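Written below as structure tokens is the structure these notes are about.
If you read the sequence from its start, that first residue is 1, and numbering goes on from there. Scope of the values below: all heavy atoms of this structure, side chains included, with no hydrogens, waters or symmetry mates. Keep in mind that what you see is a predicted model, and the values were worked out from it rather than measured.
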Amino acid sequence: ILLMSEQNDTIRYNLKAVADRMRERGMDKEFRILYSARSAASESQSLKSWFGLIRKLAQSGIIFLDDHAVVLNWLKLSKDTKLIQLWHAGAGFKSSGYSRWGHKGGPGAASCHRQYSFGIAGSKNIAPFFSEVWGINDEQVLPTGMPRMDEFLDEDYRKKKTKELYDKYPICKGKKVMLFAPTYRGRGKKEAYYPYKRIDFQGLYEACGDEYAVLFKMHPWIKGKVPIEDAYKDKFTDVTGYLNINDLFYITDLLVTDYSSNIFEFSLMRKPMLFFAFDKTQYAFSRGFHRDYETSAPGKVCYTFEELLEAFRSKDFEYEKVEQYITYHFDYIDSNASDRVIDWLVYDRIPKDIRAELERVERENAHRRELDFLPEGYKRDLELRCIVKEGK
């Protein structure tokens, strides 16, 4: 079994949760478990690194990924190798993969995504969001839940991290906390930025009063610090360097975001959200949405910072949307997603109803491959060409 990332130089998120659970279950005595973590998507790799990766791929019967891997755009795996996508994000809004077909930066006709045996999602309802991205059948996206959420939903872990965070960020003690956590702008990791001029820092500071402190958690691709003036540092702090955003949700009372998938985990805190979508039209044009933004956002959508401040002051969060979001996006709310991934995909114990759907789709696909749509005249011409070519 290979756990592989081409985006990060360490095994993180869903991959780490599954790897940890395999060790806890003693599976390292039954399987040879390999690891490969490289920042190959943004950094050049040595020849030794490439040979090492290809050797591990060749040795593996099951490969778990956490994102797109460019090497598998051109390297074809054998048919008896299972390639399983443990996507790093839940269900947000922005398009990626084949949902961006025809756009700059979108995948080609043949890509890593098309080799997946299976992917995972939080529920059957949202499986089509992922199957569209990867260019596979809906039925191949299994509603196991996200393995990284096993730890997130563990009550002992929550208590431990809550204490650590209040000690680390003392401005939050005795206050409600707003977490300002948008996604990046720009074409990719090298160009990622956020237009801080869109934030009215003074207006937000005044709106916080004595009730709120604000944590700014920018996308990890954004370089440099949030420009917080000294006069605001008794209520504002930059926590971008804190790796696990899910931990921050424990002490967050209000999430402010835009098109990020961080709403997926945060929704289970059953706390309000606001959406600052000042560039929705431009973002939809350049990046694209895979579902309607306004009707899918589990909170009030604001298009100017003044609208955001007004909603914040008046506590107009449209909170009723949160419960609707949870019902639609989660088939399981527990700490057993890693076990489901292992049992269903390593030990091949997929539930009977899901297996029946997979077998039905495979039969339909096999039938389609046998269909012949060529006109009779064209087929005769083709046969003659083959006869002439073979010299018969």
message: Assess the residue pair Met4 and Val71 against the criterion (side-chain contact (heavy atoms from CB on, under 4.5 Å)); give the C-alpha distance rounded to whole Å, side-chain angles, the decisive distance to 0.1 Å, and a yes or no.
response: CA-CA 11 Å; Met4 171 182 168; Val71 62; 3.8 Å; yes
message: Among Gln85, Gln140, Lys82, which residue satisfies the side-chain hydrogen bond (donor to acceptor under 3.5 Å, both in side chains) criterion with Tyr116?
response: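 Exactly one candidate clears the test, Gln85.
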task: I would like to know whether Thr183 and Tyr283 meet side-chain contact (heavy atoms from CB on, under 4.5 Å); could you show each step before the answer?
output: CA-CA 11 Å; Thr183 191; Tyr283 197 89; 3.9 Å; yes
Charged N to carboxylate O below 4.0 Å: is that the case for [X] and [Y]?
{"X": "Arg38", "Y": "Glu43", "result": "no"}
{"X": "Arg185", "Y": "Asp258", "result": "yes"}
{"X": "Arg270", "Y": "Glu323", "result": "yes"}
{"X": "Asp343", "Y": "Arg349", "result": "yes"}
{"X": "Glu362", "Y": "Arg369", "result": "yes"}
{"X": "Asp67", "Y": "Arg12", "result": "no"}
{"X": "Asp20", "Y": "Lys16", "result": "yes"}
{"X": "Asp238", "Y": "Lys225", "result": "no"}
{"X": "Lys124", "Y": "Asp138", "result": "no"}
{"X": "Arg21", "Y": "Asp150", "result": "no"}
{"X": "Lys315", "Y": "Glu211", "result": "yes"}
{"X": "Arg360", "Y": "Glu139", "result": "yes"}

Ring geometry between [Y] and [X] (parallel below 30°, tilted from 30 to 60°, perpendicular above 60°):
{"X": "Tyr242", "Y": "Tyr169", "answer": "perpendicular"}
{"X": "Tyr194", "Y": "Phe180", "answer": "perpendicular"}
{"X": "His68", "Y": "His113", "answer": "perpendicular"}
{"X": "Tyr205", "Y": "Tyr232", "answer": "tilted"}
{"X": "Phe278", "Y": "Phe276", "answer": "tilted"}
{"X": "Phe129", "Y": "Tyr328", "answer": "tilted"}

field: Closest non-hydrogen atom pair, Val346 against Phe31
entry: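 Looking at all heavy atoms of both residues, the closest pair is CG1-CZ, 3.7 Å.
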- prompt: For Trp344, is the NZ or CZ atom of Arg355 found under 6.0 angstrom from the centre of its six-membered ring and inside 45 degrees of the ring axis?
  reply: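 No.
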message: Do Lys161 and Tyr250 form a cation-pi contact, if we require the NZ or CZ to be under 6.0 Å from the six-membered ring centre and within 45 degrees of the ring's axis?
response: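 Lys161 over Tyr250 ring: no.
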Between [X] and [Y], is the ring centre distance below 6.0 Å?
{"X": "Tyr332", "Y": "Phe330", "result": "no"}
{"X": "Tyr212", "Y": "Phe312", "result": "yes"}
{"X": "Tyr157", "Y": "Phe152", "result": "no"}
{"X": "Phe236", "Y": "Phe216", "result": "yes"}

field: Steps toward side-chain hydrogen bond (donor to acceptor under 3.5 Å, both in side chains) verdict (Ser260, Asn262)
entry: CA-CA 5 Å; Ser260 174; Asn262 57 29; 3.1 Å; yes
Looking at [Y], is its backbone amide N or carbonyl O close enough to the side chain of [X] to form a donor-acceptor pair, meaning the two atoms are under 3.5 Å apart?
{"X": "His329", "Y": "Tyr325", "answer": "yes"}
{"X": "Thr252", "Y": "Leu255", "answer": "no"}
{"X": "Asn336", "Y": "Asp339", "answer": "no"}
{"X": "Ser117", "Y": "Leu83", "answer": "yes"}
{"X": "Gln115", "Y": "Leu75", "answer": "yes"}

Distance, nearest 0.5 Å, that separates [atom1] of [X] from [atom2] of [Y]:
{"X": "Ile245", "Y": "Leu179", "atom1": "CD1", "atom2": "CG", "value": "5.5 Å"}
{"X": "Ser36", "Y": "Asp9", "atom1": "OG", "atom2": "CG", "value": "11.0 Å"}
{"X": "His88", "Y": "Ser5", "atom1": "NE2", "atom2": "OG", "value": "10.0 Å"}
{"X": "Arg158", "Y": "Ile251", "atom1": "CZ", "atom2": "CD1", "value": "11.0 Å"}
{"X": "Asn137", "Y": "Glu357", "atom1": "CG", "atom2": "CD", "value": "11.0 Å"}
{"X": "Phe275", "Y": "Phe317", "atom1": "CZ", "atom2": "CZ", "value": "12.5 Å"}

task: Could you walk me through whether Ser49 and Ser46 pass side-chain hydrogen bond (donor to acceptor under 3.5 Å, both in side chains), step by step?
output: CA-CA 5 Å; Ser49 174; Ser46 68; 4.8 Å; no
Intermediate values then yes/no, salt bridge (Lys or Arg N to Asp or Glu O under 4.0 Å), Asp247 and Lys217: CA-CA 12 Å; Asp247 292 351; Lys217 175 76 167 86; over 6 Å; no
message: If the test is salt bridge (charged side-chain N to carboxylate O under 4.0 Å, His left out), which one of Glu307, Glu306, Glu206 qualifies with Arg313?
response: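 Looking at Glu307, Glu306, Glu206, the match for Arg313 under the salt bridge (charged side-chain N to carboxylate O under 4.0 Å, His left out) is Glu306.
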Identified salt bridge (charged side-chain N to carboxylate O under 4.0 Å, His left out) partner of Lys300 from the options Glu320, Glu294, Glu318, Glu310: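 With Lys300 as partner, salt bridge (charged side-chain N to carboxylate O under 4.0 Å, His left out) holds for just one option, Glu318.
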- prompt: Passes side-chain contact (heavy atoms from CB on, under 4.5 Å), Lys163 versus Lys159? Steps please.
  reply: CA-CA 6 Å; Lys163 183 181 183 306; Lys159 288 176 183 175; over 6 Å; no
field: Stepwise side-chain contact (heavy atoms from CB on, under 4.5 Å) test for Asp234 and Ile171
entry: CA-CA 7 Å; Asp234 61 321; Ile171 68 165; 5.8 Å; no
